[in-house]
Amino acid sequence: FDCPYGPRDIIHDGVDGFVVDNRDIYQFAEKVCILMGNHDLRVKMGKEGIKSSSRYKDTKIMPKWVQLFQSLKV
């Protein structure tokens with residue numbers, strides 16, 4: 001489900017997942033049914049999700065945290 005911070009910044013709707021309007025259970029059910037009925041789409045989105053998640057590997061994120069904390073030193 002979409003919310004003010006997070007999902008829409010991480011998921012590319014229709015590419016590596018679906019972003020569903022917050023609390024819209026009908027839209028959620030529709031997207032689940034689409035995935036259940038389409039093996040190729042599940043595989044494609046799964047592969048794209050794995051590629052997309054590489055943006056959050058520790059080797060990419062930790063240097064940003066270190067830089068942030070170093071910039072905050074007084």
Side-chain angles (χ1 to χ4, degrees):
F1 292 106
D2 198 13
C3 60
Y5 304 102
R8 206 166 285 281
D9 296 323
I10 297 170
I11 299 167
H12 302 99
D13 191 34
V15 176
D16 53 14
F18 288 121
V19 179
V20 176
D21 293 335
N22 196 23
R23 300 180 190 210
D24 187 338
I25 60 172
Y26 298 103
Q27 187 182 29
F28 176 79
E30 175 187 1
K31 299 301 183 182
V32 169
C33 288
I34 289 170
L35 289 172
M36 287 174 58
N38 190 329
H39 176 266
D40 292 341
L41 181 61
R42 286 194 312 272
V43 170
K44 181 181 175 211
M45 281 189 166
K47 288 178 181 178
E48 289 297 323
I50 290 169
K51 283 196 290 188
S52 179
S53 70
S54 70
R55 297 178 288 168
Y56 303 101
K57 286 185 176 185
D58 62 339
T59 55
K60 292 185 179 184
I61 296 299
M62 291 309 295
K64 293 179 182 186
W65 278 103
V66 170
Q67 182 182 9
L68 171 66
F69 288 128
Q70 288 176 341
S71 73
L72 297 175
K73 285 184 180 179
V74 180

_Would D40 and K44 count as a side chain to side chain contact (heavy atoms under 4.5 Å, CB included) here? Give the steps._
CA-CA 6 Å; D40 292 341; K44 181 181 175 211; over 6 Å; no

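- The line from CE of M45 to CD1 of I50 is 14.0 Å long, rounded to the nearest 0.5 Å.
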Check: residues 20-27 side-chain donor-acceptor pairs under 3.5 Å, at least two apart:
from, atom 1, to, atom 2, distance (Å)
D24, OD1, Y26, N, 3.2
D24, OD1, Q27, N, 2.9
Q27, OE1, D21, N, 2.7

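- Applying the salt bridge (Lys or Arg N to Asp or Glu O under 4.0 Å) test to pairs two or more places apart or on separate chains, those with a residue in residues 49-68 are E48-K51.
- For D2, the salt bridge (charged side-chain N to carboxylate O under 4.0 Å, His left out) partners two or more places apart in sequence, or in a different chain, are R8.
- Between I10 and D16, the shortest heavy-atom contact is O-OD2, 4.2 Å.
- Counting only residues at least two apart or in different chains, ring pair (Phe, Tyr, Trp, His ring centres under 6.0 Å) contacts with residues 53-73 comprise W65-F69.
- Contacts of V66 classified as side-chain contact (heavy atoms from CB on, under 4.5 Å), with partners at least two apart in sequence or in another chain: Q70.
- Partners of R42 by salt bridge (charged side-chain N to carboxylate O under 4.0 Å, His left out), not counting sequence neighbours: none found.
- Residue pairs meeting the ring pair (Phe, Tyr, Trp, His ring centres under 6.0 Å) criterion with at least one member in residues 1-21, sequence neighbours excluded, are F1-F28.
- Minimum heavy-atom separation, D13 to V19: OD1-N, 2.8 Å.
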